[in-house]
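Note on naming: letters A, B, ... go to the chains in the order of the sequence lines (proteins, then strands), and numbering restarts at 1 for each one.
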Amino acid sequence: MANIGGTGGGGAMAGVLDSIKRDLAARLRRAALEAEAAGELPGAPASVPAGEWPPLPVLDVPRERGHGDLASNLALTMAGILNRSPRRVGQALLDHLELQGSLADRVELAGPGFLNFFLSPRWLYRVLEEVQRLGPKYGASNLGGGRRIQVEFVSANPTGPLVVVNARAAAVEDALANLLQAVGFEVEREYYINDAGHQVELLARSLEARLRELLGQTAEVPEEGYPGEYLRDLASDLLQRRGREAVDALLALEPGQRWEVLGREAVAELVAQQRRTLEDYGVQFDVWFSERELRARGVLEEALGVLERRGYTYRHEGALWFRSTALGDDKDRVLIRSGGEPTYLATDIAYHLDKYRRGFHRVIDIWGPDHHGYIARMKSAVEALGQGRDALEVLIVQLVRLLRGGEAVRMSKRGGEFVTMDELVAEVGKDAARFFFLMRSPDSHLDFDLDLARLQSADNPVYYVQYAHARICSIFGRGGPQVPPADRADLSLLRDESELDLMRHLGYFPQEVAGAALGREPHRITRYLLELAGLFHAFYTRCRVLSEDPGLTAARLVLTQAVQTVLRNGLGLLGVEAPEHM
RNA sequence: GCGCCCGUAGCUCAGAGGACAGAGCGUCGGACUUCUAAUCCGAUUGCCGCAGGUUCGAGUCCUGCCGGGCGCGCCA
């Protein structure tokens with residue numbers, strides 16, 4: 001993982017704060033070398049490899065305001081290696097640290113040996129200038145350097161409508177894809193359609209049963225089939241579209257043939273529905289990838305060939321096995337059943353082979369918690385295909401429990417009763433749904449409070465953030481005050497504590513975006529925005545933007561517009577609207 | 001039995017190896033003749049599940065245990 005908070009990462013991070021960190025890190029490094037040259041610090045012990053001394057100074061924003069704007073633990077890390085007291089090391093660094101020409105006003109040695117930097121307020125004005133200059137691009141960077149990443153998500157079976165957990169996965173991964181794009185990766189969103197397996201036949205037989213029901217015949221949905229109401233709807237649509245005669249003819253076909261047709265029909269319709277559901281949710285996929293087509297192209301055979309050539313397959317009891325234990329899995333896995341049918345794993349391996357052939361250096365899959373046991377074997381498979389283990393990254397999004405009136409909403413898959421994604425969005429709206437899913441880290445179980453999400457009030461976090469944006473719009477709305485260029489306003493008039501807090505927070509945005517992208521943690525942006533909205537509301541209560549004082553008004557307009565820009569950019573990353581009126 | 005996730009304030013949850021552990025909700029008390037009160041301000045709240053270990057420093061990393069959820073097919 002890249003060093004997000006520090007200064008060690010690539011050279012492509014954006015933002016005023018990052019450039020300050022890099023500048024101060026370089027100064028600290030020089031101070032360390034000078035202190036050593038002056039004999040005030042011992043040289044590196046022999047155990048430290050050349051080029052790794054002095055250690056890379058890390059600068060972080062401390063939790064406590066009293067600890068300055070940026071703090072470095074360099075003295076502490078060096079002290080450990082040099083076997084000296086951290087405060088003595090810190091003092092030596094301090095004595096040789098040159099701040100002339102930097103944006104730091106002063107530096108203090110504090111606590112166990114931290115070096116705390118107090119920045120000139122000028123850095124905050126630079127933040128405002130930068131936000132104004134970059135506008136929608138503020139927060140973006142080029143950490144990815146244009147490398148291609150594929151994000152595959154939702155990929156639900158085409159056997160029914162999307163459900164609540166799909167909505168969570170969609171919100172999280174769509175936001176992650178946005179974040180990866182923002183930090184300079186070339187991202188493709190892909191949806192995998194499992195349209196070739198046994199479950200499609202079950203779907204077909206279930207649909208057949210519903211059709212026969214409609215025609216007054218006795219029929220039952222098969223044991224392992226799909227009993228949900230939606231197949232009744234699908235059946236009556238089909239009957240209406242094709243007409244009675246065509247359906248009769250269809251049902252008269254021999255079983256294999258009619259299931260083939262019904263399966264194709266049902267899958268096409270259900271995938272179209274899933275697609276509409278996702279579009280209403282604001283998620284657009286670049287590629288809808290069909291397993292059936294993959295099979296038709298013979299990729300499965302090619303993948304098995306690759307595994308065989310690389311010595312990862314063997315035959316046993318009539319089946320073809322994958323020697324995944326050679327690559328860290330806890331048992332070997334069947335690829336081709338003794339009956340000749342490929343397993344799900346085999347087709348998935350083929351699918352991944354195809355992904356890498358399409359030139360992605362990295363592939364991120366998102367699975368439900370019921371698939372976590374699958375990670376080890378799939379990573380082994382990727383390795384067996386000749387890729388690095390890291391070429392596949394699997395994120396597990398945990399389950400969602402819906403709460404209504406403080407009680408868990410009961411859902412049973414067997415009875416075909418579950419809350420669909422469409423129902424959820426209809427009940428609480430797209431913005432609230434997405435925002436709620438993005439409030440928690442993906443790997444924690446989520447209680448989704450339907451009552452709260454539906455509430456159009458202060459208690460609802462999504463409105464809290466959106467309201468901040470709407471309030472800003474209303475300042476700009478009537479009469480339309482002109483926002484001056486940042487360098488033409490006297491920003492030093494922004495002195496209120498709430499103004500300083502707000503500017504600081506705006507300055508953190510680029511690193512927050514980078515951190516959320518690299519850490520695969522979109523929920524950090526949600527939290528960031530809640531904080532930013534809170535700071536804005538506090539500012540709004542304390543300070544009037546439009547006042548008699550033209551200079552102060554100009555400065556506050558610049559600040560307010562910057563907040564608006566960052567709220568927009570942040571909400572945009574989450575796929576949540578930034579409304580102008582509420 | 002093995003594997004994964006979780007255990008932090010009354011509730012829901014943040015915490016990127018750092019300094020005295022945070023937010024929202026809740027409870028109590030305040031603030032609109034003003035750019036949107038869907039707002040703000042103040043007060044209240046903790047054996048970070050338990051026990052060891054690594055580290056100058058652990059809520060964070062490692063090991064074991066306890067508790068909750070889920071998974072462990074020639075299913076997909």
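In this structure, A:R440 does not reach the B:rC6 phosphate: none of its side-chain N or O atoms is under 4.0 Å from OP1 or OP2. Residue A:K331 places none of its side-chain N or O atoms closer than 4.0 Å to OP1 or OP2 of B:rC2. For the OP1/OP2 pair of B:rC40 and a distance below 4.0 Å, the side-chain nitrogens and oxygens of A:Y464 include at least one atom meeting the criterion. One finds no side-chain N or O of A:R471 lying less than 4.0 angstrom from the OP1 or OP2 phosphate oxygen of B:rA38.
Remark: P of B:rG57 and CZ of A:R84 are 20 Å apart, rounded to the nearest angstrom. For the pair A:L530 CG and B:rA23 C1', the computed distance is 9 Å after rounding to whole Å. Between the P atom of B:rC40 and the CZ atom of A:R542 lies a distance of 13 Å, rounded to the nearest Å. Separating the CG atom of A:L446 from the P atom of B:rG7 is a distance of 14 Å, rounded to the nearest angstrom. A:L203 places its CG atom 14 Å from the C1' atom of B:rA76, with the value rounded to the nearest Å. The distance between atom NE2 of A:H371 and atom P of B:rG3, rounded to the nearest whole Å, is 21 Å. Residue A:I375 contributes atom CD1, which lies 19 Å from atom P of B:rA76 at whole-angstrom precision. Rounded to whole Å, atom C1' of B:rC75 lies 11 Å from atom CZ of A:R377.
Remark on RNA chain B: of its neighbouring residues A:S441 and A:T541, the 5'-side contact belongs to A:S441, judged by nearest-heavy-atom nucleotide. Mapping A:A533 and A:E64 onto RNA chain B via the closest heavy atom, the residue that lands nearer the 5' end is A:E64.
Taking the C1' atoms as reference points, B:rG24 lies 24 Å from B:rC5, given to the whole Å. Taking atom P on both B:rU8 and B:rU55, the two are 29 Å apart, rounded to the nearest angstrom. Rounded to the nearest Å, the gap between the P atom of B:rC62 and that of B:rG29 is 47 Å. Taking atom P on both nucleotides, B:rG69 is separated from B:rC13 by 15 Å, rounded to a whole Å. Across B:rC4 and B:rU45, the matching P atoms stand 39 Å from one another, rounded to whole Å. Taking atom P on both B:rC6 and B:rA14, the two are 9 Å apart, rounded to the nearest angstrom. Comparing the P positions of B:rG3 and B:rU44 gives an interatomic distance of 46 Å, to the nearest angstrom. Rounded to the nearest Å, the gap between the C1' atom of B:rC61 and that of B:rC2 is 23 Å.
Searching all strands for a Watson-Crick or G-U wobble partner of B:rA38 with both distances below 3.5 Å returns nothing. Base pairing analysis places B:rG17 opposite nothing; no Watson-Crick or G-U wobble pair with both distances below 3.5 Å involves it. As the counterpart of B:rU33, no nucleotide is assigned, since no Watson-Crick or G-U wobble pattern has both distances under 3.5 Å. Summarising the base pairing, B:rG1 is matched to B:rC72 through a Watson-Crick or G-U wobble pair whose two defining distances lie under 3.5 Å. With both pairing distances under 3.5 Å, B:rU12 is matched to B:rA23 as a Watson-Crick or G-U wobble pair. Across every strand in view, B:rG67 sits in a pair with B:rC6 that passes the Watson-Crick or G-U test at under 3.5 angstrom. Pairing of B:rU60, defined by two Watson-Crick or G-U wobble distances under 3.5 Å, is not identified with any nucleotide.
For the pair A:R106 and A:F118, the cation sits on the ring face: its NZ or CZ lies under 6.0 Å from the ring centre, inside 45° of the axis.
Syn is the conformation of B:rC32, whose glycosidic angle sits no further than 90° from 0.
Within the 4.0 angstrom heavy-atom criterion, only backbone atoms of the sugar-phosphate kind lie near A:S444; the bases stay farther away. Using a 4.0 Å heavy-atom distance criterion, A:E291 is classed as making no nucleic acid contact. As judged by a 4.0 angstrom heavy-atom cut-off over every strand, A:E548 is placed among residues making no nucleic acid contact. Residue contacts for A:D447: at a heavy-atom cut-off of 4.0 Å it reaches the sugar-phosphate backbone alone, with no base atom in range. As judged by a 4.0 angstrom heavy-atom cut-off over every strand, A:H67 is placed among the base-contacting residues. Residue contacts for A:H523: at a heavy-atom cut-off of 4.0 Å it reaches the sugar-phosphate backbone alone, with no base atom in range. Heavy atoms of A:A71 sit under 4.0 angstrom from at least one base atom. A:N116 comes within 4.0 angstrom of a nucleotide base, judged by non-hydrogen atoms across all strands. Contact annotation for A:E317: base contact, defined as any heavy-atom pair under 4.0 Å involving a base atom. If you check every strand for non-hydrogen atoms under 4.0 Å, A:A79 touches nothing.
The aromatic rings of A:Y374 and A:W367 stand perpendicular to each other, their planes meeting at an angle above 60°, with 30° marking the opposite boundary. The aromatic rings of A:W321 and A:Y314 lie parallel to each other, with less than 30° between the two planes, well short of the 60° mark.
Of the listed nucleotides (B:rG18, B:rG15, B:rC74), B:rG15 has the atom at the smallest distance from the side chain of A:E521. Listed candidates were B:rC74, B:rA38, B:rC40. Nearest to the side chain of A:S338 is B:rC74. Of the candidates B:rA76, B:rC4, B:rC40, B:rC4 carries the atom nearest the A:H372 side chain, counting heavy atoms from C-beta on. Counting only heavy atoms from C-beta on, A:Y540 has its side chain closest to B:rA37 among B:rA76, B:rG3, B:rA37. For A:R544, the listed nucleotide lying nearest its side chain is B:rC35; candidates were B:rG22, B:rC35, B:rC74. Nearest nucleotide to the A:E512 side chain, out of B:rC5, B:rA16, B:rC41: B:rA16. Side-chain atoms of A:L76 lie closest to B:rC56 of the nucleotides B:rA76, B:rC56, B:rC41. Distance from the side chain of A:W321 is smallest for B:rC74 among the nucleotides B:rG71, B:rC74, B:rG22.
Considering only heavy atoms from C-beta on, A:R440 comes within 4.5 Å of A:R168 through its side chain.
A salt bridge is absent between A:R434 and A:D431; no separation between the charged side-chain nitrogens and carboxylate oxygens falls under 4.0 Å. For the pair A:K430 and A:E577, the salt-bridge criterion is met [side-chain N within less than 4.0 Å of a carboxylate O]. A salt bridge links A:D501 with A:R504: the distance from a Lys NZ or Arg NE/NH1/NH2 to an Asp or Glu carboxylate oxygen falls below 4.0 Å. Taking 4.0 Å as the cut-off between side-chain N and carboxylate O, A:D365 and A:K355 count as a salt-bridged pair.
Applying the ring-ring contact (aromatic ring centres under 6.0 Å, His included) rule to A:Y192 yields the partners A:Y351; only residues at least two apart in sequence or on another chain are considered.
Where stacking is scored as ring centres under 5.5 Å apart with planes under 30°, A:F114 registers as stacked on the base of B:rA19.
A distance-only check finds no donor-acceptor pair linking the side chain of A:N73 to the backbone of A:L76 [under 3.5 Å].
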